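Below is one structure, written out as structure tokens; the observations come after it.
Predicted model only: the values in this text are computed from it and were never measured. One is the number of the first residue; the rest follow in order along the sequence.
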Amino acid sequence: MPPFENKGLILGVMAGTAGLSLVLVWYHKIRKRGAALRVRAFQDIGNSLNSVGFQNEAPNEQGAVMVLHGRQLQILEKLNGLLLSVDELKREVEFLKEAIPKLEELVRNELQGKGDIQRVSPSHRATRRRKAETASGARETTSSEEADSEGGYLTAHTDSEGDSEEEKRCMKPPDAMVKSEEEEELFNFLQQVDNLHKGSEDDKKEAFRLLLEKDNEFNYAAVVYFQYENCVDFLWRLARAYGDLFEMTTDAEEKRKYVIDGKIKAEKAVQLDDRSAESHQWFAIMCGYMSQFESVQNKIRNGYLFKEHLDKAIELKPQDPFLYYLNGRWCYSVAQLSWIEKKVATALFGTPPTSTVEEALQNFLKAEEMRPGYSKCNYVYLAKCYKDLGQKNNALKYCDSALSILSVTNEDKEAQKDLEALLLTLKL
């Protein structure tokens with residue numbers, strides 16, 4: 001309430017009290033008049049004062065006086081309470097006057113502190129990013145494995161664009177900034193893993209170790225936004241790392257363990273995001289690996305799963321030659337199914353999977369067309385297809401192409417063994 005209204009209220013109450021005193025004096029002067037006239041006159045005066053109503057309260061002089069004194073005491077008590085409230089309000093106003101300048105200074109200092117942090121941190125992050133990119137360039141090799149064709153965690157930000165983005169982030173609420181920082185941490189981690197995957201066997205083992213450490217790990221700085229175990233890009237990379245270890249080890253029990261764990265991670269990635277091509281790709285690959293340890297029945301079931309998810313991956317990422325190489329492998333394997341395997345497939349699924357060597361050849365040629373010299377394995381399977389189709393010259397042509405590529409990975413070494421055996425049959 002404004003100060004001038006408080007003063008008006010107080011003066012009004014005081015005026016009312018003074019008026020009541022005058023009423024008492026006037027009442028004693030005219031008390032000798034008739035009772036009915038006295039009560040009626042007193043009621044008229046009471047009606048003129050809005051703050052006090054005396055109608056029908058006392059039929060005699062003594063009652064009227066008692067009522068009048070009671071009303072005066074009530075008004076005085078209310079007046080006293082009002083004065084106390086005004087004093088308390090004054091003290092609060094004085095406190096606020098003293099506190100507001102200090103609060104303004106505190107807020108200013110707090111905002112300046114956050115601004116300094118936001119301006120400094122991007123440069124450090126940009127430095128780390130440039131170091132990571134430099135290190136990755138030194139590790140890259142000319143390996144023929146499929147890693148080069150797999151989707152990475154990429155951005156199109158240049159340094160200047162990054163600075164501009166940081167300026168925009170300074171105007172965002174704190175929770176949005178925390179989320180962005182966690183996304184950047186994830187980006188840097190996944191980029192590191194991708195670079196290691198492109199390197200030597202030791203690099204791939206290190207990538208697997210890092211991913212395994214992060215598995216089921218929370219980022220406690222922003223637990224609401226970030227959890228590795230529910231990150232699709234993390235999960236399919238972990239499945240890929242299990243695939244790397246599967247290829248590198250020679251122990252059958254270890255292979256089985258790696259492929260079981262990898263299949264679980266890839267399947268979860270597919271469940272979290274059905275539009276992730278890499279998740280479908282690595283789930284299909286894990287199903288293919290599992291076929292090496294399964295009965296004929298489960299082998300055929302995994303074959304159906306392999307084809308289903310591979311087709312989905314091709315639909316989502318049609319520009320990847322590795323997927324056409326895998327599709328060619330599936331077509332070639334189905335074309336080579338034994339009679340008993342086809343009968344089991346018919347009993348389980350009604351109709352067995354069908355494909356031909358010609359379909360396999362078209363997929364291998366598609367991969368070669370998209371990226372010439374794609375892999376040693378692709379050349380070997382091109383040679384196998386042409387041999388099965390009776391085209392010996394073409395088979396020898398692709399055998400020569402395969403020989404021109406060094407064997408780097410275990411898969412390349414296995415392909416070299418197949419190539420040597422194939423050359424023996426072609427030169428007979």
Decide side-chain hydrogen bond (donor to acceptor under 3.5 Å, both in side chains) for Y324 and Q362; before the verdict, give the C-alpha distance in whole Å, the side-chain angles of both, and the deciding distance to 0.1 Å.
CA-CA 9 Å; Y324 294 98; Q362 293 305 313; over 6 Å; no
Give me the atom names and distance for the closest heavy-atom approach of C399 to L423.
CB-CD2, 3.6 Å
With a 4.5 Å cut-off on side-chain heavy atoms, are L235 and S279 touching?
no
Main chain of G328, side chain of E359: is a donor-acceptor contact present, judged purely on distance under 3.5 Å?
no
Aromatic ring pairing H309/F283, orientation class (parallel under 30°, perpendicular over 60°, tilted between)
perpendicular
Does a sphere of radius 6.0 Å around CZ in R275 hold more than 12 heavy atoms from other residues, nucleotides or ligands, not counting ones at 6.0 Å or beyond?
no
Distance (rounded to the nearest 0.5 Å) between C287 SG and R301 CZ
11.5 Å
Please confirm whether K397 makes a cation-pi placement over Y386, using NZ or CZ under 6.0 Å from the six-membered ring centre and within 45° of the ring normal.
no
Close side-chain approach of Q416 and V380, heavy atoms under 4.5 Å:
no
Run the side chain to side chain contact (heavy atoms under 4.5 Å, CB included) test on I285 and F322 for me, step by step, so that the C-alpha distance in whole Å, both residues' side-chain angles and the decisive distance to 0.1 Å come before the verdict.
CA-CA 11 Å; I285 291 171; F322 179 57; 3.8 Å; yes
Pair R240 + D244: basic N to acidic O under 4.0 Å
no
Nearest 0.5 Å, what's the CD1-NZ distance between I300 and K343?
12.0 Å
With distance as the sole test, does H280 use its side chain to make a donor-acceptor pair with the main-chain N or O of V270 at under 3.5 Å?
no
salt_bridge(R209, E206) N-O dist < 4.0 Å:
yes
Cation-pi check, K384 onto Y381 ring (under 6.0 Å, within 45° of axis):
yes
In short, A313 meets A277 closest at the heavy-atom pair CB-O, 3.6 Å
Pairwise side-chain contact, F364 with R329, heavy-atom cut-off 4.5 Å (strictly under)
yes
Of all heavy-atom pairs between P372 and Y379, which one has the smallest distance, and what is that distance?
C-OH, 4.4 Å
Any L389 side-chain heavy atom under 4.5 Å of N394 side chain:
no
Working to the nearest 0.5 angstrom, can you tell me the gap between L426 CG and N393 CG?
10.0 Å
For the student: nearest non-hydrogen atoms of P318 and M370, plus distance:
O-CE, 3.5 Å
Assess whether side chain to side chain contact (heavy atoms under 4.5 Å, CB included) is satisfied between V259 and Q292, documenting all intermediate values.
CA-CA 10 Å; V259 72; Q292 300 180 26; over 6 Å; no
Heavy-atom side-chain contact between M286 and I260 under 4.5 Å
no
Between F189 and L210, does the side chain to side chain contact (heavy atoms under 4.5 Å, CB included) criterion hold? Intermediate values first, please.
CA-CA 9 Å; F189 176 75; L210 293 174; 4.0 Å; yes
Can you tell me if NZ on K312 sees more than 12 non-hydrogen neighbours from other groups inside 6.0 Å?
yes
Within a strict 4.5 Å, meaning less than it, do heavy atoms of the W236 and Q281 side chains meet?
no
Counting C-beta onward and ignoring hydrogens, is there a side-chain heavy-atom pair between K366 and N327 closer than 4.5 Å?
no
Apply side chain to side chain contact (heavy atoms under 4.5 Å, CB included) to the pair F234 and D215, showing each step before the final yes or no.
CA-CA 9 Å; F234 172 82; D215 193 23; 4.0 Å; yes
Looking at K299, I'd like to know if its NZ atom is crowded, meaning that more than 12 non-hydrogen atoms belonging to other residues, nucleotides or ligands lie closer than 6.0 Å.
no
Close side-chain approach of I405 and D412, heavy atoms under 4.5 Å
no
Starting at OG1 of T409, measure out to NZ of K376 and round the result to the nearest 0.5 Å.
10.0 Å
Please report the interatomic distance CG(L305) to NZ(K263), rounded to the nearest 0.5 Å.
6.0 Å
If you measure from the Lys or Arg side-chain nitrogens to the Asp or Glu carboxylate oxygens, is any gap between K417 and E420 under 4.0 Å?
no
Regarding R237 and D194, does a basic nitrogen lie under 4.0 Å from an acidic carboxylate oxygen?
yes
Distance (rounded to the nearest 0.5 Å) between Y258 OH and F208 CZ
5.5 Å
Residues L190 and D233: closest non-hydrogen pair is CD1-CB, 3.6 Å
Determine the minimum heavy-atom distance between Y242 and G262, stating which atoms define it.
CD1-CA, 3.6 Å
Under 3.5 Å, is there a donor-acceptor pair between the side chain of K255 and the main chain of T249?
yes
